[in-house]
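Written out below as structure tokens is the structure these notes cover.
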There are 2 protein chains.
Amino acid sequence: MVEEKRSRKTGGDRVAVICTALRRAIIERALSPGDRLPEDALGERFGVSRTIARSALGQLAAEGLVDLRRNRIAVVAVPSFEDARDIFDIRVDLERQVVRHLAGKLTEAQVKQLKAIVDAEHQARHGAEGISIRLATEFHVRLAEMTGKPVLIRYVTEICYRAGLSLAVFSRPHSSECAVNEHLELIEAIRTGPTDKACALMDEHLEAVASRALLQSSGTRSRDLMDILAPYTE
Amino acid sequence: MVEEKRSRKTGGDRVAVICTALRRAIIERALSPGDRLPEDALGERFGVSRTIARSALGQLAAEGLVDLRRNRIAVVAVPSFEDARDIFDIRVDLERQVVRHLAGKLTEAQVKQLKAIVDAEHQARHGAEGISIRLATEFHVRLAEMTGKPVLIRYVTEICYRAGLSLAVFSRPHSSECAVNEHLELIEAIRTGPTDKACALMDEHLEAVASRALLQSSGTRSRDLMDILAPYTE
DNA sequence: CATGCAGTAATTGTACACACTTTTCCTCGC
DNA sequence: GCGAGGAAAAGTGTGTACAATTACTGCATG
């Protein structure tokens, strides 16, 4: 343990650091739904006291990424199939608003930024699956950020992460490669196309993602039980 | 100080108790945007340590009802005009989903429950303004709860409270009496009418509430400054 | 061999202590 | 009178201690 005693007095929000790390671990599937998150272990891992770890868990619970049961170890949330469906329904509405605000108003710099993400997606499409999912999520989050609307950004970001978590439960074979092209088309539609056209394309895209992943498994209960148990049997 | 030493060992979530109390105080306008919420004072008021009070503030901050600045006293959030507009935009989408799920499917018991709230609204329409607003909010929250969809319930509830807070900033003359009738019409439309009709009515209702309150004040900056200062000058 | 049932270890819930920051307010020099 | 400076007060950030609860392990028992 020669580890990080860096930044003893930084004060720069350490809760946020843990939250960011965990969000990323979850979206990249380094952490699976149901995985345990003991406060002690988290604190030690990040070089902070349980107080901070606990606070981070509380925040992630508020975002729906963590389940917090009284007197019990926190676990990565395990969305039910119904939850997943509702999350995607809300997501469609929220992202339609994003597109509506952005249609025809993207700057060149913004387009370049988005294309850079799509490029990264393209390169990552044969690497670790987790990276692909994170990049796909990042694309949607960045799009939301371009609206400059804090409220919208917050909800879209949250719902995107929850959607990513839902996919971890309900889609075994990750079939997001096609999404790379869809993202490219989306950029074009938002940049040039009329608002309605762009919105429709976003709707299509999200519905496609949802049905590719969600509709195939209607077994609901038995399936997520398997998922919870999976990490313990390896 | 003969106060509450009741429930020394209840353990029943004390953070939640504080959150509920504060949410209600905010929605009823007992607390105004910008009001200070020191951890010590909160803890003492509810007979808990600062730890608990702090945790409650963290949760409310995650819900957008409290502003939490580093090393500074927490304050009741002061939504900007743009925030308010965005909140209502999102609210329209979310509540349309509620209506879509509920249209034609309300049970008699549910209708009775909703009408009870509207009755209360009617009785309270000449009493304290805060009560009216709370009841109006409760109507929408209860409606969402009837969908039985946890995710949708969570977001609708949160956005309703934030909308109520926004109204506290941007609508001086509270003109919600007409809303009582609109709520009655909504019940009927959801109970009997076709889905599209009910959705349209909800859209209208929310747009009406928003424009009655929001559109009149475009002064934005100067206005909320006045609001923040108000409680200190009395 | 399955099944209870201790007793122990692991873990959370909460209060509290102390360092550090911000705010307040009082005093002093001009 | 009035602004600058500098304690003192108020308040937050975070670690730690201890009680209470839950999880686990192994042993005795049918």
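Not measured: the values here are computed from a predicted model. Proteins get letters first, then strands, A, B, ... in listed order; numbering begins at 1 in each.
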(request) For the pair A:His183 and A:Phe139, name the ring-plane relationship: parallel under 30°, tilted 30 to 60°, perpendicular over 60°. (result) parallel

In a table with atom names and distances, give each donor-acceptor pair under 3.5 Å that connects a side chain of residues 148-157 of chain A to protein atoms at least two apart or in another chain.
| from | atom 1 | to | atom 2 | distance (Å) |
| --- | --- | --- | --- | --- |
| A:Lys149 | NZ | B:Asp86 | OD1 | 3.1 |
| A:Arg154 | NH1 | A:Glu158 | OE1 | 3.4 |
| A:Arg154 | NH1 | B:Ala62 | O | 3.3 |
| A:Arg154 | NH2 | B:Ala62 | O | 2.7 |
| A:Arg154 | NH2 | B:Glu158 | OE2 | 2.5 |
| A:Tyr155 | OH | B:Glu158 | OE2 | 2.7 |
| A:Tyr155 | OH | B:Arg162 | NH1 | 3.2 |
| A:Thr157 | OG1 | A:Ile153 | O | 2.7 |

(message) So if I take residues 49-63 of chain A and measure heavy-atom distances to DNA chain C, which residues fall below 4.0 Å?
(response) A:Arg50, A:Arg54

Separation of [X] atom [atom1] from [N] atom [atom2], in whole Å?
X       : N      : atom1 : atom2 : result
B:Glu39 : C:dA15 : CD    : P     : 13 Å
B:Leu68 : C:dT21 : CG    : C1'   : 15 Å
B:Asp40 : C:dA15 : CG    : P     : 13 Å
A:Glu44 : D:dT16 : CD    : C1'   : 15 Å

Going by the rule side chain to side chain donor-acceptor pair (under 3.5 Å), which residues pair with [X] if we only count those two or more places apart in sequence or in a different chain?
X       : answer
A:Glu39 : A:Arg50, A:Arg54
A:Glu63 : A:Arg23
B:Thr20 : none
A:Thr51 : A:Ser49

(request) Report the residues that fulfil salt bridge (charged side-chain N to carboxylate O under 4.0 Å, His left out) with B:Glu207, sequence neighbours left out, ordered by chain and then residue number. (result) B:Arg85

(message) Please enumerate all residues that pass salt bridge (charged side-chain N to carboxylate O under 4.0 Å, His left out) together with A:Arg96, with sequence neighbours excluded.
(response) A:Asp93, A:Asp203

Can you tabulate the close N/O pairs, meaning under 3.5 Å, that link protein atoms to atoms of nucleotides 22-24 of chain D?
| from | atom 1 | to | atom 2 | distance (Å) |
| --- | --- | --- | --- | --- |
| D:dA23 | OP1 | A:Arg72 | NE | 3.0 |

